[in-house]
Amino acid sequence: MRRSLLRGALACLLLTPVTAGCVVPPEPGSSGPPVAEVLPADARALVYGRSASEVLENPQLRDKVRALFGADWAPPTPGGGGKLTLAAPQYFERGGPLRMVHIGDADYIAITGCAAQACASRRGLLLVREGGEQLMARLDEGGFSHHHAYGPGVVGGPGGAAVVLESALRALERASDGSPFPRPAP
């Protein structure tokens with residue numbers, strides 16, 4: 001009896017930190033994720049088009065967007081290019097509203113969308129920095145997120161873009177009652 005009580009107490013002591021979790025303070029000198037806020041709508045959000053498809057095909061951005069997504073721009077080929085199940089433009093087939101988001105010291109056009117046949121699981125977020133020289137994207141694929149980055153000044157490439165994209169997504173969620181993405185068709 002005494003042994004089983006001791007084993008039970010030991011198990012509780014070992015499992016408590018795992019179940020309760022722990023908070024580790026950030027390293028000195030490191031900063032947290034950049035704060036993002038959705039800005040009031042204005043004409044800057046529509047400078048490259050009024051819809052996701054217009055922005056993707058805008059002559060000023062077309063080549064940059066294709067370079068951003070690389071092999072993921074086209075449908076995946078058996079044993080070939082692309083790591084997504086759909087071509088990147090399909091994640092924006094059903095586009096949401098175009099908005100402006102302020103992150104850190106920059107303003108971005110935020111374009112959300114989803115795949116027409118899989119809106120709940122295939123979603124996209126594209127950020128175009130004011131001026132169009134820097135682009136970042138997040139494509140969600142049923143629980144997996146793929147991050148892309150293009151242009152000068154994107155710190156850390158796709159990995160560094162992930163932090164900025166997450167901040168933008170959280171701000172868009174707060175401004176959209178939970179989901180900035182188009183609603184799935186009934």
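This is a predicted model, so every value here is computed, not measured.
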Can you give me the closest heavy-atom contact between Arg99 and Ala175, atom names plus distance?
NH1-CB, 4.1 Å
Around atom CD of Gln117, are there more than 12 heavy atoms of other residues, nucleotides or ligands at under 6.0 Å?
no
Is any NZ, NE, NH1 or NH2 atom of the basic residue among Arg174 and Glu37 found under 4.0 Å from an Asp or Glu carboxylate oxygen of the other?
no
How close do Cys119 and Pro182 get, heavy atom to heavy atom, and via which atoms?
SG-O, 3.4 Å
Compare all side-chain heavy atoms of Trp73 with those of Val65 and state whether any distance is below 4.5 angstrom.
yes
Step by step, work out the side chain to side chain contact (heavy atoms under 4.5 Å, CB included) result for Leu84 and Phe144.
CA-CA 10 Å; Leu84 302 171; Phe144 295 98; over 6 Å; no
Under the side chain to side chain contact (heavy atoms under 4.5 Å, CB included) criterion, do Val47 and Val128 qualify, and how do the steps go?
CA-CA 11 Å; Val47 71; Val128 179; over 6 Å; no
For Ala137 and Leu68 the tightest heavy-atom approach is CB-CD2, 3.9 Å
Using modelled atom types only, decide if a donor and an acceptor are shared between the side chain of Lys64 and the backbone of Leu135 within a distance under 3.5 Å.
no
Main-chain N/O of Thr85 paired with Glu141 side-chain donor or acceptor, under 3.5 Å:
yes
Where the side chain of Ser167 meets the backbone of Pro34, is there a donor-acceptor pair that is under 3.5 Å apart?
yes
Quick one: does Leu169's side chain get under 4.5 Å of Phe181's, heavy atoms only?
yes
Within the side chain of Glu93, is there an N or O that forms a donor-acceptor pair under 3.5 Å with the backbone of Ala116?
yes
Gap between atom CG of Leu139 and atom CG of Leu86 - 0.5 Å precision:
9.5 Å
If you measure from CG on Leu165 to CG on Leu126, what distance do you get to the nearest 0.5 Å?
9.0 Å
Which heavy-atom pair separates Leu172 from Leu125 by the least distance, and what is that distance?
CD1-CD1, 3.9 Å
For the residue pair Phe69 and His148, does the interplanar ring angle fall in the parallel (under 30°), tilted (30 to 60°) or perpendicular (over 60°) class?
perpendicular
Taking the side chain as every heavy atom from C-beta outward, state whether Ile109 and Met100 have any pair of such atoms under 4.5 Å apart.
yes
What distance do Glu166 atom CD and Glu173 atom CD have between them, rounded to the nearest 0.5 Å?
8.5 Å
As an exercise, state the distance from OG of Ser51 to CD1 of Ile111, rounded to the nearest 0.5 Å.
9.5 Å
Identify the two heavy atoms, one from Ser176 and one from Pro180, that lie closest to each other, and give their separation to 0.1 Å.
OG-CA, 3.6 Å
Measure the spacing between CZ of Arg66 and CG of Asp72 and express it to the nearest 0.5 Å.
14.0 Å
All heavy atoms of Ala52 vs all of Gly95, minimum pair found to be CB-CA, 4.2 Å
Could you tell me whether a side-chain N or O of Glu54 sits under 3.5 Å from a main-chain N or O of Arg50, the two making a donor and an acceptor?
yes
Can you measure from CD (Glu130) to OH (Tyr108) and round to the nearest 0.5 angstrom?
10.5 Å
